[in-house]
Amino acid sequence: MKKIIIANWKMNPATPLEAEKLYHFSCDACLGSGENAEVIVCPPFVYLDTFSKIESSLKIGAQNCHWESGGAFTGEISAVMLKNLGVKYVIVGHSERRWIMNESDEMINKKLKAALANNLTPIFALGERIKGEDRKNILENQLKHGLVGLDSNKVGRIIFAYEPVWAIGTGNSETAEHAVEAIKIIKGFLDLNFNTQGSKLLYGGSVDSGNIKSFLERPEIDGALVGGASIKKEEFKKMIEIASGL
Ligand code: PGA
């Protein structure tokens with residue numbers, strides 16, 4: 001089955017020239033992966049316009065959106081603006097937004113609704129903050145509050161990314177075995193409450209070329225959300241090659 005690789009560039013790189021180089025390198029790395037891997041790149045907002053105009057096999061996503069379509073929200077970008085730019089995906093609920101920017105489950109729920117209403121595919125990130133916490137309870141709560149008011153049809157369009165916060169950017173990834181357990185918790189919740197079939201479930205948190213295979217070779221894991229390693233050109237290329245070769 002085709003695996004999904006999402007590159008979350010976060011607040012990198014600093015110049016348009018570097019961003020374009022990285023984008024073109026990622027496009028080239030992606031050539032030939034077509035049948036086995038789907039690659040989505042999520043750069044900072046300021047590069048979206050340029051990239052959305054380039055014909056390539058890469059798909060473009062944003063890292064965030066606001067739930068209102070317009071108005072007095074200084075510094076925000078709406079889902080409708082992203083749609084009108086040709087963006088197809090948006091990350092919602094990333095832990096850096098939850099914990100640094102104080103985003104609540106209620107805000108995340110509104111963002112998911114706005115993204116879906118604008119035909120964007122949300123990449124809904126969730127996960128426990130501290131290793132060893134009551135993961136089942138935390139994940140189910142994030143799902144319960146994040147998905148309030150959405151029907152099965154809409155929930156079925158969301159890509160879920162299990163991202164334990166303690167594993168993000170630390171070099172200490174979760175083991176594939178434990179990631180599968182968490183993904184089963186998410187899937188169990190979705191099956192029970194939304195009867196969704198075929199939801200996409202990803203793992204994220206210190207994924208690199210050394211460990212990506214262990215995650216992607218598990219049938220329960222549909223792909224990886226990659227941060228730090230996605231802006232290291234050779235690393236990213238290797239990861240796409242591994243995903244394509246599975
Ligand atoms: P990381 O980030 O790969 O650098 O751990 C993942 C993420 O933040 O989505």
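Order of appearance sets the numbers: ligands from 1, and atoms from 1 within every ligand.
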With the threshold set at 4.0 Å, does a side-chain nitrogen-carboxylate oxygen contact exist between Arg135 and Glu181?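 Yes, charged N to carboxylate O under 4.0 Å.
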Under a 4.0 Å threshold between the charged nitrogen and the carboxylate oxygen, would Arg129 count as salt-bridged to Glu133? no
Sidechain-backbone polar pair: Asn36 side chain, Lys2 backbone, donor-acceptor under 3.5 Å: no
For [X], take its heavy atoms, then give the atoms of ligand 1 lying under 4.0 Å from any of them.
X: Asn8; result: 8 (O), 9 (O)
X: Gly169; result: 1 (P), 4 (O), 5 (O)
X: His94; result: 7 (C), 8 (O), 9 (O)
X: Gly228; result: 1 (P), 3 (O), 4 (O)
X: Leu225; result: 9 (O)

For Asp28 and His24, does a side-chain donor sit closer than 3.5 Å to a side-chain acceptor?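 Note: Asp28 and His24 side chains miss the donor-acceptor criterion.
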Are side-chain N/O atoms of Tyr203 and Glu220 paired as donor and acceptor at under 3.5 Å?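 Note: Tyr203 and Glu220 side chains miss the donor-acceptor criterion.
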Examine ligand 1 and decide if any of its atoms is less than 4.0 Å from a heavy atom belonging to Gly205.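 Contact check Gly205 vs ligand 1: positive.
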Going by heavy atoms, is Ser206 under 4.0 Å from ligand 1?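 Distance cut 4.0 Å: Ser206 passes for ligand 1.
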Quick one: look up the protein heavy atom nearest [atom] and list residue, atom name and how far away it is.
atom: atom 9 (O) of ligand 1; result: Glu163 OE2, 2.7 Å
atom: atom 2 (O) of ligand 1; result: Lys10 NZ, 3.2 Å
atom: atom 3 (O) of ligand 1; result: Gly227 N, 2.8 Å

Give me the atom names and distance for the closest heavy-atom approach of Tyr89 to Glu38.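 So the minimum-distance heavy-atom pair works out to OH-OE2, 3.1 Å.
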Fit a plane to each ring of Trp9 and Tyr23, take the angle between them on a 0 to 90° scale, and name the class: parallel (under 30°), tilted (30 to 60°) or perpendicular (over 60°). perpendicular
